[in-house]
Amino acid sequence: MSGGASRARILGRVRRALADVPAYERPRDHPVPRDYLRVHGRRTPAEAAALLAAHLTDYRATVHRTGADGLPALLREVLARRGARRVVVPAGLPEDWLAGADVEVVVDSPELTVRALDAVDSVVTGCALAIAETGTVVLDGGPGQGRRRVTLVPDHHVCVVRTADQLVDSVPQALERLDPVRPLTWISGPSATSDIELDRVEGVHGPRVLDVVLVAGDNGIPGEPPRG
């Protein structure tokens with residue numbers, strides 16, 4: 001069946017399912033109950049950070065912890081261990097993050113093509129927030145995060161999370177703080193997919209290697225204040 005025929009078939013089913021709906025009726029006329037749990041259990045900030053780290057590790061990301069003052073040294077170590085020589089960073093990333101790192105820093109710009117991004121070794125970004133219960137880091141293109149392609153093309157992504165105010169427990173809590181008109185990228189571990197034989201292949205839809213740095217305290221990490 002061709003793509004056009006499949007589309008027509010699906011739309012036909014939708015129209016038949018809606019045949020008895022009055023023309024004047026709108027979705028808001030039938031509110032959807034939102035009485036599900038907003039968070040599954042109570043936990044301290046430390047417990048939330050530990051849960052996030054456990055899920056990310058289970059997804060084959062590497063999790064690091066540091067205080068605010070130790071962030072530059074830790075990033076130098078992570079990049080050196082990876083053997084990174086050229087590192088792309090989004091506009092708005094604090095310069096001192098990579099202070100002393102033996103790398104060529106490439107600041108992202110519209111002129112930086114996909115081919116050029118594919119030639120760099122690593123990308124370092126901040127994030128919008130992280131979700132403990134799902135082990136997810138969310139980027140929204142804000143300061144220090146950059147364009148979506150910046151975190152999808154390079155093979156190695158280092159993402160910094162400020163646990164004091166960028167960590168939430170659940171998806172409902174995250175949605176309350178995110179702006180749906182922003183370009184949201186939800187990351188749970190390195191890029192991976194499995195075929196019908198369940199053979200795992202990494203790097204198909206994004207970086208094969210993900211390092212997440214959980215920072216206690218504030219070190220000028222970019223990010224807008226929480227909403228709500």
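- Residues that satisfy the salt bridge (charged side-chain N to carboxylate O under 4.0 Å, His left out) test with E77, not counting sequence neighbours, are R81.
- When atom types are taken as modelled, the side chain of H55 and the backbone of E133 share a donor-acceptor pair closer than 3.5 angstrom.
- Not a single salt bridge (charged side-chain N to carboxylate O under 4.0 Å, His left out) links R76 to another residue, sequence neighbours left out.
- Counting only N and O atoms by type, the side chains of H156 and D211 include a donor and acceptor under 3.5 Å apart.
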Given R162 and L71, is the side chain to side chain contact (heavy atoms under 4.5 Å, CB included) satisfied, shown in steps? CA-CA 11 Å; R162 188 174 59 222; L71 179 58; over 6 Å; no
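- The minimum heavy-atom distance linking V114 with R149 is given by the pair CG2-NH1, 3.6 Å.
- Of the options T151, T185, D140, a side chain to side chain donor-acceptor pair (under 3.5 Å) to Q145 is made by D140 and by none of the others.
- At a cut-off of 3.5 Å, with distance as the only test, a side-chain donor of H157 or T125 sits close to an acceptor on the other residue.
- Qualifying salt bridge (charged side-chain N to carboxylate O under 4.0 Å, His left out) partners for R85, counting only residues two or more places apart in sequence or in other chains: none.
- Side-chain atoms of R60 never come within 3.5 Å of backbone atoms of V209 as a donor-acceptor pair (strictly under, hydrogens ignored).
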Take D169 and R43 through the salt bridge (charged side-chain N to carboxylate O under 4.0 Å, His left out) test and state the conclusion after the steps. CA-CA 8 Å; D169 282 303; R43 57 184 67 90; 3.0 Å; yes
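- Taking each heavy atom of V161 and C127 in turn, the nearest pair found is CG2-SG, 3.8 Å.
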